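Data first, discussion second: the structure below is written as structure tokens.
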Amino acid sequence: MGNNTTRREALKGLVGLTVGSGLAGLALPAEASTGTLAPAIDVGIQPPGPKSLRLLERLKGEVGRSNYAGLYGIALQSGDGCYIRDVDGNVYLDCLTAASCNILGYSHDEVARAYYDTAVRIQQTCFAYSPNEETVAFAERLAAISPGEYRKKALIGLTGSDSIGGAIEAARKYTGKMGIISFNFAYHGSTGLSQAASGFTSLNEGVYDANDPNFVKVDFPTTPEEGERTLKNIETILAFGKVGAVLVEIIQGDAGKLQAPAGFFGRLKDLLAGYGVLLIADEVQSGMGRTGRWWASDHEEIAPDLVVMGKGLSAGYAPVSALVGRAEVIDALVPAGHVFTYMGHGPSVAAASAVIDIIQAENLVENARVVGAHLLRGLKAAERFSDVVVEARGRGLMLGVEINVEKDALASKVFAFRCLEKGIYFGYIGDKQRVIRVLPPLVLSREEADIIIRVVHEVAEEMAYGKVPQATIDRVQTYTLGW
Ligand code: PMP
């Protein structure tokens, strides 16, 4: 993190921010005068501001509704360091990172430059016909950083969904078995196979057959007892001999940062090995250092047969995903069996290789571990407002704060919206959308973590004592529900 201070100083000038007036009168932390970007938070216009709202109206008129989920109705314009600015000029500390993509924050021109330098030489080669150096070099890098000591190969893609599809195809072809076991409330994507394997039933209704015998869902365990039950359940299904692979997020991301009990994945891997069934780890959200190790699988000391990566892989600079795993499984697919016109797009993978360089050079996996542990400790302390905060959990900088939605179904959204008004840009997700997503950039500093902690405590206290302004609750009803 050596150059972080310099970068912050530079950014301070760039952003040209003054102390945020903040609608909620956010008190500045003690370190605000010491040259950190702490004063960058500035919510001077009630979000969503008029420019955001105008864009939302145009969006509703022109873009199909399934492209939009809805969060706050805010449109974003720019970013600096760990901060994002909306089209109305408000500045927030970013804890969503474009759904966990922008892991380097907004301060690494090197990545954009790597893209540009390649694009001005040749923008696209169509890798399937004419390979390029950038993609082969990127595949070599991926083999080196991904879990497992076996002989690996990579298939490059564009977005998590297509690489999940590739993993399912490869597993089917290799094992000769069509069955895929996945988990309720898993999110694996929005294309054919990835969506069928996903466990958010409302998204699949009327499009995918919930009773498709080739996609069986089991419960993701969070306690040792549930772990036993799920393993037993999986073994019963395996005994039919129809399953080729189990597909799982090592930490369930969109389900609300759910963690399996200790030892679950080791036992699952052993169980599958006994049946010749493959383990596919979906590390689209949990990979690239977010959990404080390169891969969430590393915490579990398992080497999945296939690992799917995306999101942070390119730190948000280009659509890039990858499937990395056992060479013999990957090569079960026939030549041209998994190709997309834009896969192996030279500028995009050059950018992604630059991301790996930066993570290594700046020790960002370690920063995620250390700052993440500090952040989690602070968030957990908010559990003392037990009527509001059920639990803070997660690993590294892949964290979640579960809000009690039993008495008030809107509570998590009110919580998130109130934090937004105080300058912290969270998401919310999971069953009943009850979990606040805490996914800041991996370059987050301890001081920035302290700002997040303070706002979470302030809002938890306001909610515990019924002090959230009615106007905020009204805005939640109007703007956070999507369409
Ligand atoms: N897997 C996981 C764990 C994800 O979180 C997501 C996206 N939320 C996907 C797969 C799908 O990735 P994409 O949206 O890039 O297709």
Side-chain angles (χ1 to χ4, degrees), residues 66-71 96-103 155-169 171 180 182-200 202-204 208 215 217 220 245-260 265 279-291 295-297 300 304 306-325 338 340 342-343 345 348-349 351-352 355 394-400 426-431 433 435 437-439:
S66 77
N67 258 185
Y68 183 62
L71 186 67
L96 185 54
T97 49
S100 197
C101 290
N102 301 341
I103 57 174
L155 285 171
I156 311 301
L158 300 170
T159 193
S161 307
D162 65 59
S163 285
I164 291 283
I168 292 173
E169 289 166 359
I180 302 295
S182 54
F183 290 78
N184 290 318
F185 294 106
Y187 187 85
H188 297 296
S190 199
T191 55
L193 295 173
S194 68
Q195 187 158 350
S198 292
F200 274 90
S202 63
L203 296 177
N204 290 8
Y208 294 90
F215 288 98
K217 312 283 177 356
F220 188 90
V246 169
L247 167 63
V248 65
E249 296 169 79
I250 305 296
I251 296 178
Q252 272 200 326
D254 290 357
K257 315 298 169 240
L258 299 181
Q259 285 172 274
F265 285 108
L279 180 66
I280 306 170
D282 179 345
E283 296 251 18
V284 168
Q285 192 169 141
S286 57
M288 296 302 286
R290 180 157 284 288
T291 65
W295 310 99
S297 301
E300 307 296 335
L306 298 172
V307 178
V308 183
M309 41 194 86
K311 289 190 186 274
L313 195 53
S314 61
Y317 285 88
V320 181
S321 65
L323 164 64
V324 182
H338 186 76
F340 309 95
Y342 271 107
M343 113 224 136
H345 179 248
S348 300
V349 294
V355 172
R395 261 191 166 136
L397 289 170
M398 183 174 180
L399 302 174
F426 291 124
Y428 49 83
I429 202 139
D431 183 25
Q433 303 197 313
V435 180
R437 304 171 91 172
V438 187
L439 298 166

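Whatever order the structure lists them in is the order used to number ligands and atoms, beginning at 1. Just so it is clear, the structure is predicted and the values come from calculations on it, not from any experiment. Residues take their numbers from the sequence shown, with the count starting at 1.
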Student check: side-chain heavy atoms of L193 and F215 closer than 4.5 Å: yes
Those residues that, when tested against E249, pass side-chain hydrogen bond (donor to acceptor under 3.5 Å, both in side chains) (two or more places apart): none
List, for ligand 1, each N/O atom that has a protein N/O partner under 3.5 Å away, with both atom names and the distance.
{"residue": "ligand 1", "atom": "1 (N)", "partner": "Y187", "partner atom": "O", "Å": "3.2"}
{"residue": "ligand 1", "atom": "1 (N)", "partner": "D282", "partner atom": "OD1", "Å": "3.1"}
{"residue": "ligand 1", "atom": "1 (N)", "partner": "D282", "partner atom": "OD2", "Å": "2.6"}
{"residue": "ligand 1", "atom": "5 (O)", "partner": "Q285", "partner atom": "NE2", "Å": "2.8"}
{"residue": "ligand 1", "atom": "8 (N)", "partner": "D254", "partner atom": "OD2", "Å": "3.2"}
{"residue": "ligand 1", "atom": "8 (N)", "partner": "K311", "partner atom": "NZ", "Å": "3.0"}
{"residue": "ligand 1", "atom": "15 (O)", "partner": "T159", "partner atom": "OG1", "Å": "2.6"}
{"residue": "ligand 1", "atom": "15 (O)", "partner": "G160", "partner atom": "N", "Å": "2.9"}
{"residue": "ligand 1", "atom": "16 (O)", "partner": "T159", "partner atom": "OG1", "Å": "3.0"}
{"residue": "ligand 1", "atom": "16 (O)", "partner": "G160", "partner atom": "N", "Å": "3.3"}
{"residue": "ligand 1", "atom": "16 (O)", "partner": "S161", "partner atom": "N", "Å": "2.8"}
{"residue": "ligand 1", "atom": "16 (O)", "partner": "S161", "partner atom": "OG", "Å": "2.5"}

Option passing side-chain hydrogen bond (donor to acceptor under 3.5 Å, both in side chains) with Q285 (candidates K257, R290, Q252, K311): K257
For the student: nearest non-hydrogen atoms of N204 and S198, plus distance: ND2-O, 3.6 Å
Distance, nearest 0.5 Å, that separates CD of Q195 from CD1 of I164: 13.0 Å
Shortest non-hydrogen contact between A260 and F265, atoms and distance: CB-CE1, 3.7 Å
